Trainee: 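There's a structure below that I have some questions on.
Everything numeric here is computed off the predicted structure, so don't read it as measured data.
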Amino acid sequence: MPEGDTVYVAAGRLHRALAGSVLTKTDFRVPAIATADLSGRKLDEVVSRGKHFLFRIEGGVTFHTHFRMDGEWHLYRADSRWRGPAHAIRAVLETESWTAVGFHLAMTELVETAAEDRLVGHLGPDPLTDWDHGEAVRRLRLHPDRSVGETLLDQTVMAGPGNVYKCEICFLRGADPWTPVRDVPDHDGLVDLTARLMGANRKTGMQITTGDQRPGRQRWVYGRAAQPCRRCGTLVRRKAQDPSGERVTYWCPTCQPAR
Ligand SMILES: [Zn+2]
């Protein structure tokens, strides 16, 4: 699942390709906005907030979307062939030089730019766009009985971290992911680590937490169930953190002892 750094990198690429150009064609393939036509308007900018994309378009319109589980944006030159399944296309934005094609997008809608807060106003500080360390610490402490793992996924605390960062941050802080926030020492350090790890990936968008870019060495615990911990050799464990079983947690029971 794409995390905040992935979205930040994708928004940057889209901005460099499209911003400042007039849209020559728009094609929204979701029922609620299928009839909208924004051609003839300039695309002013593409920005990210957490895992959300905001395309700000001339005339005070914002096209909002989200990658959710498997969204992608592709950029094509005018006459090149599109890859990816046609049935998964949710939006096409064309300028004279580029065509941006969005696959598997979620939460796709058009809103007044002045009303963007309705979509992203609930988000906590984003380490890559509007970071505020003190505010992130304050929000972290709002639910002291909740597990640190769940809290790191709460986008109203910090916008951007997903399941990879959650697992890696808990490992690097020596915290069992089920520990209540109030029992995790050094909230400042936890928040600061989140911002530094995401900041380090602002160019790659690849959630590299070990500092090693080589395939198979990029992470401490995420995706490494039953493999030896890189620090202590204990086998990394894997378990669903929430009832849906969607968010799988990886952790080292030795480096991250239960309290
Ligand atoms: Zn370990």
Trainee: Quick one: does any side-chain atom of Gln256 pair with a main-chain N or O of Ala175 as donor and acceptor, under 3.5 Å?
Mentor: yes

Trainee: How close do Ala19 and Glu45 get, counting heavy atoms only, and between which atoms?
Mentor: CB-CA, 4.2 Å

Trainee: When you measure from the side chain of Thr204 to the backbone of Met206, do you find a donor-acceptor pair of N or O atoms at a distance under 3.5 Å?
Mentor: yes

Trainee: Not counting sequence neighbours, which residues clear side chain to side chain contact (heavy atoms under 4.5 Å, CB included) with Thr254? List them please.
Mentor: Cys232, Thr234, Cys252

Trainee: Between the side chain of Thr65 and the main-chain N/O of Ala106, is any donor-acceptor distance below 3.5 Å?
Mentor: yes

Trainee: May I ask you to check whether Phe53 and Phe63 place their ring centres under 6.0 Å from each other?
Mentor: no

Trainee: Apply side chain to side chain contact (heavy atoms under 4.5 Å, CB included) to the pair Thr24 and Ser39, showing each step before the final yes or no.
Mentor: CA-CA 5 Å; Thr24 51; Ser39 61; over 6 Å; no

Trainee: I would like to know whether Phe55 and Leu14 meet side chain to side chain contact (heavy atoms under 4.5 Å, CB included); could you show each step before the answer?
Mentor: CA-CA 9 Å; Phe55 295 71; Leu14 291 162; 3.8 Å; yes

Trainee: Any ion pair linking Glu116 and Arg56 (charged N to carboxylate O, less than 4.0 Å)?
Mentor: yes

Trainee: Only pairs at least two apart or in different chains count here, so list each ring-ring contact (aromatic ring centres under 6.0 Å, His included) that has a residue in residues 143-194.
Mentor: Phe171-Trp220, Trp178-Trp251

Trainee: Would you call Arg219 and Glu168 a salt bridge, taking side-chain N to carboxylate O under 4.0 Å as the test?
Mentor: no

Trainee: If you measure from the Lys or Arg side-chain nitrogens to the Asp or Glu carboxylate oxygens, is any gap between Asp70 and Arg68 under 4.0 Å?
Mentor: no

Trainee: Look at Lys203 together with Asp5 and state whether they make a salt bridge at an N to O cut-off of under 4.0 Å.
Mentor: no

Trainee: Under 4.0 Å between a side-chain nitrogen and a carboxylate oxygen: does that hold for Asp154 and Arg146?
Mentor: yes

Trainee: Taking the basic N atoms (NZ, or NE/NH1/NH2) and the acidic carboxylate oxygens, is any pair closer than 4.0 Å for Arg182 and Asp145?
Mentor: yes

Trainee: Taking NZ, NE, NH1 and NH2 as the nitrogens, is one of them in Asp44 or Lys42 under 4.0 Å from a carboxylate oxygen of the other?
Mentor: yes

Trainee: Does Val9 share a hydrophobic cluster with Val7, counting links as ILVMFWY side-chain heavy atoms below 4.5 Å and allowing steps through other members?
Mentor: no

Trainee: Could you note down all residue pairs passing ring-ring contact (aromatic ring centres under 6.0 Å, His included) where residues 101-139 supplies at least one of them, sequence neighbours left out?
Mentor: His74-Phe103

Trainee: Can a donor-acceptor pair be found, under 3.5 Å and without considering hydrogens, that links the side chain of Thr156 to the backbone of Leu123?
Mentor: no

Trainee: Applying side chain to side chain contact (heavy atoms under 4.5 Å, CB included), run through Leu23 and Leu93 and close with a yes or a no.
Mentor: CA-CA 7 Å; Leu23 294 165; Leu93 303 175; 4.1 Å; yes

Trainee: Would Leu54 end up clustered with Leu43 when hydrophobic side chains under 4.5 Å apart are linked, directly or stepwise?
Mentor: no

